[in-house]
Protein chains: 2
Amino acid sequence: MVREITDIARTHLAREGAAGLSLRAVAREMGMASSAVHRYFPTKDDLLTALIIDGYNALGDAAEASQHDRTDPADRWLALGHAVRDFALDRPHEYALLYGSPVPGYQAPQDTIAPAMRTTLVYGRIIADARPTSPVAVSPPAVIAPDVDALRSVMPGVPDEVVIPAVTAWTALFGAVSFELFGQFGDTITHRREIFDEGMRSLARYLGL
Amino acid sequence: MVREITDIARTHLAREGAAGLSLRAVAREMGMASSAVHRYFPTKDDLLTALIIDGYNALGDAAEASQHDRTDPADRWLALGHAVRDFALDRPHEYALLYGSPVPGYQAPQDTIAPAMRTTLVYGRIIADARPTSPVAVSPPAVIAPDVDALRSVMPGVPDEVVIPAVTAWTALFGAVSFELFGQFGDTITHRREIFDEGMRSLARYLGL
DNA sequence: TGCTCGTCAAGAGCACTGCTCTCTTTTCTG
DNA sequence: CAGAAAAGAGAGCAGTGCTCTTGACGAGCA
């Protein structure tokens with residue numbers, strides 16, 4: 001039942017986005033009374049949470065799958081980038097739900113952070129395996145040492161001076177995907193994928209992969 | 001009248017976000033009938049457009065102001081980053097409206113792109129003035145030459161091999177701000193501003209500023 | 001002066017939303 | 001087979017965007 005609701009909800013989400021998602025519409029499509037859906041998802045936010053978790057897991061699956069049979073760090077990085085970008089282009093509303101503005105009043109519960117970490121961990125493993133020596137690396141100031149340690153937890157063993165560049169490249173990836181998806185580039189660019197790839201390769205050199 | 005509506009709408013937007021914005025609530029606060037508001041903004045999207053344009057202009061103002069009395073490229077880059085980040089932290093819902101997921105069904109009209117470009121142009125001027133020689137720059141493949149030209153239009157005179165890194169740094173900035181604002185970092189980081197700064201400085205070295 | 005005419009606002013109404021409450025039906029279990 | 005628990009239905013509340021009709025008001029013109 002929960003499964004059927006989330007499946008239908010996902011198609012609605014894909015068609016009209018998170019704000020256009022309506023419990024009543026889902027109920028209608030199932031031939032149920034709208035009140036019955038509330039038994040499975042007391043609140044619209046609960047349904048959204050389920051969709052978010054599913055989304056993170058789907059992206060995590062894609063991210064992990066992208067690493068199969070790849071060893072070269074720059075290659076793995078590019079493959080991960082493609083996994084994220086393809087997911088975003090394939091399921092834009094889901095990507096927006098995960099990495100776009102949070103829906104107002106919605107506070108992501110704890111259950112979402114583990115699935116969300118999966119993709120991040122794939123990235124962390126690339127960095128950790130590569131042990132890169134970024135050409136522009138500089139030791140971070142002592143003030144942020146605890147934060148650097150916290151950030152390092154996803155990329156164990158990576159030296160201090162690489163942690164910040166690694167995080168920065170990670171934000172650049174999602175910034176690029178979000179810009180492309182949310183129309184920030186306008187319609188001036190024609191070879192979107194090639195531009196994306198070139199940015200990813202540039203970041204690989206930045207990181208020293 | 002239009003001014004008063006947008007002002008009240010902005011406070012509502014700041015309090016509850018774009019989806020929580022209600023024409024009726026604005027009308028109530030003005031002591032008007034809800035139908036009267038529709039005379040000035042036929043549709044909720046029209047009101048949103050006005051808020052978006054105002055938001056881009058406010059950010060553009062801040063971005064331009066951040067450049068006064070600054071000449072060092074790395075310094076200007078950091079100042080611009082702070083302008084964007086401060087704006088986002090100050091007015092999170094407005095930032096989300098500009099750079100987060102687009103509200104479903106809403107298509108940004110042409111009038112928004114000129115204000116949106118203001119901030120981008122500030123960045124382009126930094127790059128154009130600095131004429132950086134990125135340590136990791138590589139000539140882009142010929143396929144994307146037209147796109148590189150299009151992207152160069154905001155940073156005139158910048159050589160081919162710097163355009164892509166420049167765009168990538170730009171996406172990294174907004175990726176970092178969005179990650180921080182949308183809670184992607186969780187609550188593990190304590191010195192957010194210092195981490196942000198360190199990332200910005202790292203990107204400055206990446207660009208060769 | 002008298003009279004249109006366009007602007008502004010109000011009010012009612014439609015179709016929709018999330019959510020709650022009560023009541024009935026179905027299903028499972030001892 | 002009877003009773004309890006679960007599942008669903010239905011009505012209802014308060015809210016939404018938006019439309020349509022109706023009424024007030026003031027400027028321009030005969």
Side-chain angles (χ1 to χ4, degrees), chain A residues 1-54 93-94 96-97 100-109 111-112, chain B residues 1-54 93-94 96-97 100-109 111-112:
Chain A
M1 207 68 190
V2 165
R3 181 92 211 151
E4 189 176 347
I5 293 177
T6 53
D7 281 349
I8 294 181
R10 201 186 338 276
T11 71
H12 287 206
L13 174 65
R15 205 171 334 124
E16 323 176 48
L21 181 61
S22 143
L23 287 187
R24 290 181 112 112
V26 173
R28 249 191 320 267
E29 189 163 329
M30 295 182 64
M32 281 172 85
S34 67
S35 54
V37 178
H38 284 279
R39 192 170 298 274
Y40 300 94
F41 295 97
T43 258
K44 195 184 170 186
D45 281 1
D46 296 311
L47 178 55
L48 274 183
T49 299
L51 291 174
I52 287 174
I53 291 176
D54 285 1
H93 289 113
E94 278 187 80
L97 195 58
S101 7
V103 306
Y106 176 79
Q107 190 60 16
D111 334 19
T112 62
Chain B
M1 206 70 189
V2 164
R3 180 90 212 152
E4 189 177 347
I5 293 177
T6 53
D7 281 348
I8 293 181
R10 202 187 337 276
T11 72
H12 287 206
L13 174 66
R15 203 170 336 124
E16 324 175 47
L21 181 61
S22 144
L23 287 187
R24 289 180 114 111
V26 173
R28 246 190 324 267
E29 190 163 329
M30 294 182 64
M32 279 174 87
S34 67
S35 53
V37 178
H38 283 280
R39 190 171 301 274
Y40 300 95
F41 294 97
T43 259
K44 193 182 170 186
D45 282 1
D46 295 311
L47 178 54
L48 273 183
T49 298
L51 291 175
I52 287 174
I53 292 177
D54 285 359
H93 289 113
E94 277 188 80
L97 195 58
S101 8
V103 305
Y106 176 80
Q107 191 60 17
D111 333 19
T112 63

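In the text below, chain A, chain B and the rest are named by the order of the sequence lines, each starting its count at 1. Quick caveat, the model's predicted, so the values are computed rather than measured.
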Using a 4.0 Å cut-off on protein heavy atoms (strictly under), produce a 5'-to-3' string for nucleotides 24-29 of chain C with B for base contact, S for backbone-only sugar-phosphate contact, and - for none.
------
Which atoms of nucleotides 10-12 of chain C (N or O only) lie under 3.5 Å from a protein N or O atom, and what are those distances?
{"from": "dA10(C)", "atom 1": "OP2", "to": "Ala33(B)", "atom 2": "N", "distance (Å)": "2.6"}
{"from": "dA10(C)", "atom 1": "N7", "to": "Ser35(B)", "atom 2": "OG", "distance (Å)": "3.1"}
{"from": "dG11(C)", "atom 1": "N7", "to": "Ser35(B)", "atom 2": "OG", "distance (Å)": "3.2"}
{"from": "dG11(C)", "atom 1": "O6", "to": "Ser35(B)", "atom 2": "OG", "distance (Å)": "3.0"}

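When the C1' atom of dG18(C) is taken as reference, atom CG of Asp45(A) falls 10 Å away, rounded to whole Å. Leu23(B) has its CG atom 16 Å from the C1' atom of dA9(C), to the nearest Å. Atoms NZ (Lys44(A)) and C1' (dT17(C)) sit 8 Å apart, rounded to a whole Å. Taking atom CD1 of residue Ile5(A) and atom P of nucleotide dG18(C), one finds them 13 Å apart after rounding to whole Å. The CG-P distance, from Leu47(A) to dC19(C), rounds to 10 Å in whole Å.
Atoms CZ and OG, from Arg28(A) and Ser22(A) in turn, are 5.5 Å apart once rounded to the nearest 0.5 Å. In this structure, Phe41(A) CZ and Leu48(A) CG are separated by 10.0 Å, a value rounded to the nearest 0.5 Å.
With a cutoff of under 4.0 Å to any heavy atom of chain A, the contacted region of DNA chain D is bounded 5' to 3' by dA7(D) to dG12(D).
Residue pairs meeting the side chain to side chain donor-acceptor pair (under 3.5 Å) criterion with at least one member in residues 1-14 of chain B, sequence neighbours excluded: Asp7(B)-Arg10(B), Arg10(B)-Asp54(B), His12(B)-Glu29(B).
Using a 4.0 Å heavy-atom distance criterion, Leu21(A) is classed as a sugar-phosphate-only contact. Contacts of Met1(B) with the nucleic acid, taken as non-hydrogen atoms under 4.0 Å apart, involve only primed sugar atoms and P, OP1 or OP2.
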Tabulate below the donor-acceptor pairs under 3.5 Å that side-chain atoms of residues 31-39 of chain A make, not counting sequence neighbours, or state none.
{"from": "His38(A)", "atom 1": "ND1", "to": "Pro42(A)", "atom 2": "O", "distance (Å)": "3.1"}

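For Tyr40(B) and dC8(C), the shortest distance from a side-chain N or O to OP1 or OP2 is not below 4.0 Å.
With sequence neighbours excluded, the residues forming a side chain to side chain contact (heavy atoms under 4.5 Å, CB included) with Ala9(A) are Leu21(A), Val26(A), Leu47(A), Leu51(A), listed by chain and number. Applying the side chain to side chain donor-acceptor pair (under 3.5 Å) rule to Thr112(A) yields no partners; only residues at least two apart in sequence or on another chain are considered.
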